[in-house]
Amino acid sequence: MFNPDIIKPENLVYEKTNVLTDAIMHYCPGCGHGTTHRIVAEVIEEMGIQDKAICIAPVGCSVLAYNYFNVDAIGAAHGRAPAIATAVQRMFPDRHTFTYQGDGDLAAIGTAETIHACNRGENIVIIFINNGIYGMTGGQMAPTTLLGMKTATSPYGRTVELNGYPLQITELLAELPGTYYITRQSVHTAAAVRKTKKAIRQAFENQKNKKGTSLVEVVSNCNSGWKMTPVEANKWMVENMFVKYPIGDIKVDGEKVKK
Amino acid sequence: MAIKGAVVIDKERCKGCGVCITACPNSVLALSKNVNGKGYHYSEAIIDNCIGCTSCALVCPDGVITVYKVKL
């Protein structure tokens, strides 16, 4: 197909980073987890902190994150990743501890740990994947599930009377004085991936400068849980998820961004 | 000055999600009629007008795409 003269090492413009292992990811086809893993790994490579980074893996779809990141890792109990990260970062203040959590882990089971770690202003980076559903266990309703959204445990759609409102935990955390940088991004297009990478880079730079908690929320798809093809799921995400979870910076340099 | 690009897809790792196909501005990629060892219709290049913009590689969840670019 292509001229073999082009395919030479000196013409290389993009390849998978070595901070990711060669293991084939267990994620469903088209899942935003894979993309987010890759960007985090690229940021670690660009900053040259592979031997200093410590990944705290959560419970959820990304429970096996330590198989894919070629850095030191600890598996935390469900929702307790920010608590483990607190301990690790206090033991090793010059390391880069980051947690990688889903919405069931961070916004449901781990609400207490998340809020208190952010309130203490622990010098950690939290990568938060929000797909509005419990993916690993089979598509049950999460606190972040949108109103009217059908899941395994809300087969007629989420209602306010029965299930309450979707939890915008990122906005909630931005109210706490301990958080320094809070942003919401996505990974469905090349432009969005570039912005997310910039945001994750900013979060790790803040940690290097010991500024406090940085949280990057990535609004992602869950095509298996939403029962759509990956491309349809991305489209649905833009039309529905972005209305409730608008993309953009929420708190920069410890100051809330005025809308 | 013309820019010529090329993509190399690791077809055994590709899961055929099709996200790269919608990301490509020049419609270079399409799902193959054949399947890989895991039974997925993998993504492949069908025309030779790649400009090496890396959009496909950036959105690929499994990091299977390597991009090359040359200025002629």
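As the structure is a computational prediction, the values presented were derived from the model and not from experiment. To find a chain, count down the sequence lines: A is the first, B the second, and so on, and within it residues start at 1. Reckoned from all heavy atoms, side chains included, excluding hydrogens, waters and symmetry mates.
Most heavy-atom pairs under 4.5 Å with chain B, from the set A:V187, A:V193, A:N3: that is A:V193. Heavy-atom pairs under 4.5 Å with chain B peak, among A:D22, A:L20, A:T36, at A:D22. Comparing B:D10, B:I46, B:V64 by how many heavy-atom pairs each has under 4.5 Å with chain A, the most go to B:I46. For the options B:G63, B:A23, B:A57, heavy-atom pairs under 4.5 Å to chain A are most numerous at B:A57.
Heavy atoms closer than 4.5 Å to chain A are found in the backbone of B:C53, but not in its side chain. Contacts of B:I21 with chain A are absent, with no heavy-atom separation under 4.5 Å from either backbone or side chain. Of the atoms belonging to A:H188, it is backbone heavy atoms, and not side-chain ones, that fall under 4.5 Å from chain B. Residue contact with chain B, scored on non-hydrogen atoms closer than 4.5 Å, involves the backbone of A:K8 exclusively. The parts of B:V7 that come within reach of chain A are both its backbone and its side chain, each placing non-hydrogen atoms under 4.5 angstrom from that chain. Heavy-atom distances place no part of A:A233 under 4.5 Å from chain B, backbone and side chain included.
A heavy-atom distance below 4.5 Å is found between the side chains of B:L58 and A:R194. The closest side-chain heavy-atom distance from A:I7 to B:V8 is below 4.5 Å.
The line from NZ of A:K16 to SG of B:C60 is 11.0 Å long, rounded to the nearest 0.5 Å. Distance CZ/A:F2 to CG/B:D48: 5.5 Å, rounded to 0.5 Å. One finds the SG atom of B:C56 at 10.0 Å from the OH atom of A:Y14 (value rounded to the nearest 0.5 Å). Atoms SG and OH, on B:C17 and A:Y27 in that order, are 15.0 Å from each other to the nearest 0.5 Å. Here CZ of B:R13 is found 5.5 Å from CD1 of A:I24. Values are rounded to the nearest 0.5 Å. Here the straight-line distance linking atom OG1 of B:T54 with atom CD of A:E15 works out to 13.0 Å at 0.5 Å rounding.
Listed here is the closest heavy atom pair of B:V19 and A:P230: CG2-CB, 4.1 Å. Considering all non-hydrogen atoms of both residues, A:V231 and B:T22 come closest at CG1-CG2, 3.6 Å. Shown here for B:P61 and A:C31, the closest heavy-atom pair between the two residues is CB-O, 3.3 Å.
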Apply side-chain contact (heavy atoms from CB on, under 4.5 Å) to B:K4 and A:I6, showing your working. CA-CA 8 Å; B:K4 202 79 183 149; A:I6 303 174; 3.4 Å; yes
A:T35 and B:V59: side-chain contact (heavy atoms from CB on, under 4.5 Å), yes or no, with the steps? CA-CA 6 Å; A:T35 320; B:V59 296; 5.5 Å; no
